[in-house]
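Note that this is a predicted model, so its numbers are computed, not measured.
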Amino acid sequence: MNLKQLRAFREVMVTGSVSKAAENLFRTQPAISAQLAGLEKEVGLKLFERREGRLHPVPEAEYLLSQAVEILDKVDNLQENLTSVKNLNTGRINIVAMIGPSIFFLPNLISKFVKDRKHVDISLFSSSSFQTQQLMSAQRYDVGIVDEGTPDLDSGLSLVDHERLDYHCVCAVPANDPLARREFITARDLDGKPLAMLAETHGIHKEIKRVFEEQGLTMNCRFETQYFLPQLVFVERGLAYAIVDPITVDSYYSNYKSDDRIVFLPFHPSITFSISIITPSHRPLSTLANHFVMYLREELQSFQ
């Protein structure tokens, strides 16, 4: 038996008429009669008695109807669900990322992505970039973000695909500081001044240190943090300057709303902060996850 036969049979049982069933299914009466005859032949049972030009179901037909309704309902639900998946309205995306973007950037981005997708579920976990890459290599997550300046991060790991994005860092200056009136900040402007920086093992810390040493300047690292965002608290309070990435700037403006306390200015020479969008190499992404990766990529590229 096939679905067309079951649909024709259900419609005849419900309407009590071949002509009405044909009308409802947009088929001809002979086509409906042929489906019924084929169904009776396949199940080996007579399902209707034909009296005075009308069909009268036998008891076995009532049993078959209960089974047919259950089967067709499941098929209809499956079709609806697959359509919803195709239209990106249903599914789950598993995200793992380094801590910085996980605090404000990713929750804001995810909120916009799921706003009109009520049946899309998201899991967001944060960890160090090294651990994020290791978790992605297990092929259980769909997408992640890692800091390419992290020590021991293996961009060539065969289990993970890396898509690198580079950003020019900016200098965060207290708004009431004389340097806030400059068009840009140089390393000489920060000679001996207190800085809030990433850990000394991080690539950004090493790059800033190199710039100061090459110019014979004093780098005064007063505060050391795991990621950029906490550094802005020290800047707000006039305790330090910080060289941060544009994603952190966006997070600050989007969520702290105190844009009168800090001025962000270009920094010379350029300090490059690099991240990567990572995806599993050996597991294909769902259509929904692929769409989210494209959405994430576009948003991250807008900061370049």
Indicate yes or no for a side-chain donor-acceptor contact from Gln231 to the backbone of Leu229 under 3.5 Å, with no hydrogens or angles considered.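 Such a contact is absent between Gln231 side chain and Leu229 backbone.
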Hey, does the side chain of Glu148 reach the backbone of Leu165 with a donor-acceptor pair shorter than 3.5 angstrom?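 No.
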Checking side-chain polar atoms at under 3.5 Å, does Thr186 have a donor or acceptor matched by the opposite partner on Asp189?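 The criterion, which ignores hydrogens and geometry beyond distance, is satisfied for Asp189 and Thr186.
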Relative to each other, are the rings of Tyr295 and Phe113 parallel, tilted or perpendicular (30° and 60° limits)?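 Aromatic pair Tyr295/Phe113 classed tilted.
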Where does the angle between the aromatic ring planes of Phe303 and Tyr167 fall among parallel (under 30°), tilted (30 to 60°) and perpendicular (over 60°)?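 Judged by the thresholds at 30° and 60°, the geometry between Phe303 and Tyr167 is tilted.
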Could you list the residues that satisfy side-chain contact (heavy atoms from CB on, under 4.5 Å) with [X], not counting sequence neighbours?
X      : answer
Arg297 : Glu163, Ile277, Val293, Met294, Gln301
Glu183 : none
Gln215 : Ala187, Arg188, Val211, Leu217, Pro269
Val170 : Val244, Val249, Phe264

Mind listing the closest non-hydrogen atom pair of Gly100 and Tyr227 along with its distance?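 Scanning both residues, the minimum pair turns out to be CA-CD1, 4.0 Å.
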Side chain to side chain donor-acceptor pair (under 3.5 Å): pairs with one or both residues in [range], sequence neighbours excluded:
range            : result
residues 240-251 : Asp177-Tyr241, Asp245-Thr248
residues 194-203 : Asp147-His202
residues 24-33   : Glu11-Asn24

Lys41 NZ: over 12 foreign heavy atoms closer than 6.0 Å: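 No, not enclosed.
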Can you establish whether the number of heavy atoms outside Lys193 located under 6.0 Å from its atom NZ is more than 12?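 Counting neighbours around NZ of Lys193, more than 12 heavy atoms of other residues, nucleotides or ligands fall under 6.0 Å, so yes.
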Ring pair (Phe, Tyr, Trp, His ring centres under 6.0 Å) partners of residues 168-198, not counting sequence neighbours, each pair once: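 Ring pair (Phe, Tyr, Trp, His ring centres under 6.0 Å) check on residues 168-198 returns Phe184-His268.
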Is it true that Glu213 and Arg210 make a salt bridge, defined as a side-chain N closer than 4.0 Å to a carboxylate O?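 Salt bridge: no.
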In plain terms, say whether Glu40 and Arg50 are close enough for a salt bridge, that is, a side-chain N and a carboxylate O under 4.0 Å apart.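 The answer is yes: the pair qualifies as a salt bridge.
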Please write out which residues are connected to Phe26 in a hydrophobic cluster, directly or through intermediates, given that two of Ile, Leu, Val, Met, Phe, Trp, Tyr count as joined at side-chain heavy-atom separations below 4.5 angstrom.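 So far as hydrophobic clustering goes, Phe26 is joined with none.
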Salt bridge (Lys or Arg N to Asp or Glu O under 4.0 Å) involving Glu60 - partner list, sequence neighbours excluded: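 With sequence neighbours excluded, Glu60 shows a salt bridge (Lys or Arg N to Asp or Glu O under 4.0 Å) to no residue whatsoever.
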Partners of Arg164 by salt bridge (Lys or Arg N to Asp or Glu O under 4.0 Å), sequence neighbours excluded?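 Asp166.
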Sequence neighbours left out, what pairs pass salt bridge (Lys or Arg N to Asp or Glu O under 4.0 Å) with at least one residue falling in residues 124-144?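 Listed by first then second residue: Asp142-Arg283.
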